Amino acid sequence: MIATCHAAGVKVIADTILNHMAGIDSGTGVGGSTFTHYNYPGVYQTQDFHHCGLTSGDDIVDYTDRSQVQTCELVNLADLATDTEYVRGRLAEYVNDLISLGVDGLRLDAAKHIATGDIANILSRLTTKPYITQEVIWGSGEPVVPSEYTVNGDVQEFRYTTALKDAFSGGGISSLQTLEGRGWVSGSGANVFVANHDTERNGGSLNINSPSNTYILATIFSLAHSYGTPTILSSYSFSTTDVGAPNGGAGACSTTGGSGRWLCQHRFVAISGMVGFRNNVGSATITNWVSPKSQQIAFGRGALGFVAINNADSAWTATFTTSLPAGSYCDVISGKTSSGSCTGTG
């Protein structure tokens, strides 16, 4: 799979869990090995896990207590003692194996529950430094904060996700001009998204079923704005929170979408077009911002691109001043460029 992706110019980020093992008393892994809650034969034993002794059952109860957050168990998931030499070495061995397979980056699930120094130690043992993004969900009044983790790589900024949901759901997208200086992770170290696999199910974000096309509009905004490194969720439709992937887990994507409950958002014309837009504008600054109404915005990215987003319920007709050189441009939201021509309608 990795070789196929690389041949197509696509890099691979592995979703990894360094914080914990399973949350059940016993079971059999997909490879056939058996385990109990604190005993994984030949890998981990009881001494390789935290037993915090701070709460009944060792589960996290109080998120304002750093020790609980980082040494107690997250919903009964056996918490690895990432502050010990053996566990650090074993986890580094696992990640180095992924790197040897050609993996280009890691998403560190539940990074908030590992001390940032423990993560730094594990990463220091890798044969090469891959791209790193860390799941650290901000919580009001909590001592463990996302900014602690920027020393190790990018950090997923969940406050961005909430801000987009609120703005596109009626709060007003004109509020999104400046995203630095809000107390969030700096844009240079933020990994941002309109929705991820959790938030699309738990109500924490917009999702494909959000009304008035707000999910697509918010994704266009995310790819057009300069803040953060965007992640695009490519998923499938679901009827219950825990329903698994259709088609035996094998994606069914076409040129412009999916089939058989697969959505394949990365193939939507508007989204794939805006990925190209973002790659083209690079780090160019935001210019020529206008917002005649709270749900209408337009802005440029230097002399390289310009976008207008209408989240209002009425049409918007306007003439814009841009920093673009004189010429004809392709509307990459509604169409594509091919052999010098554009199928976009704009």
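Quick caveat, the model's predicted, so the values are computed rather than measured. When reading the values below, keep in mind they use all heavy atoms of this one structure, side chains included, and skip hydrogens, waters and symmetry mates.
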Ring centroid separation His20 to Phe49 under 6.0 Å: no

Geometric class of the Trp289/Phe299 ring pair [parallel <30°, tilted 30-60°, perpendicular >60°]: parallel

Identified side-chain contact (heavy atoms from CB on, under 4.5 Å) partner of Pro130 from the options Leu98, Asp104, Ile13, Ile99: Ile99

Backbone N/O of Asp166 and side chain of Ser169: donor-acceptor pair under 3.5 Å: no

Plane angle bin for Tyr40 and Tyr44 - parallel if under 30°, tilted between 30 and 60°, otherwise perpendicular: perpendicular

Side-chain ion pair, Glu148 and Arg66, N-O less than 4.0 Å: yes

Salt bridge Glu200-Lys165, side-chain N to carboxylate O under 4.0 Å: no

Audit row: His197, Asp15, side chain to side chain donor-acceptor pair (under 3.5 Å) steps and yes/no: CA-CA 12 Å; His197 59 287; Asp15 196 356; 4.8 Å; no

Note: Arg125-Glu93 ion pair, threshold 4.0 Å (strictly below): no

Over-ring placement of Arg201 relative to Phe238, 6.0 Å and 45° cut-offs: yes

Whether Asn196 side chain and Leu233 backbone form a donor-acceptor pair below 3.5 Å: no

Joint hydrophobic cluster, Val144 plus Tyr63, side-chain heavy atoms closer than 4.5 Å: yes

Output field: ring centroids Tyr227/Tyr160 closer than 6.0 Å: yes

Ser100 side-chain N/O to Asp97 backbone N/O, donor-acceptor pair under 3.5 Å: yes

Fellow cluster residues of Ile137, listed by chain then number, with links counted only when side-chain atoms sit under 4.5 Å apart: Phe158, Phe193

Thr178 backbone acceptor or donor facing Arg182 side chain under 3.5 Å: yes

Side chain Asp48, main chain Gln45, donor-acceptor under 3.5 Å: yes

Presence of salt bridge, Lys112 and Glu135, under 4.0 angstrom: no

More than 12 heavy atoms from other groups under 6.0 Å of CG on Asp313: no

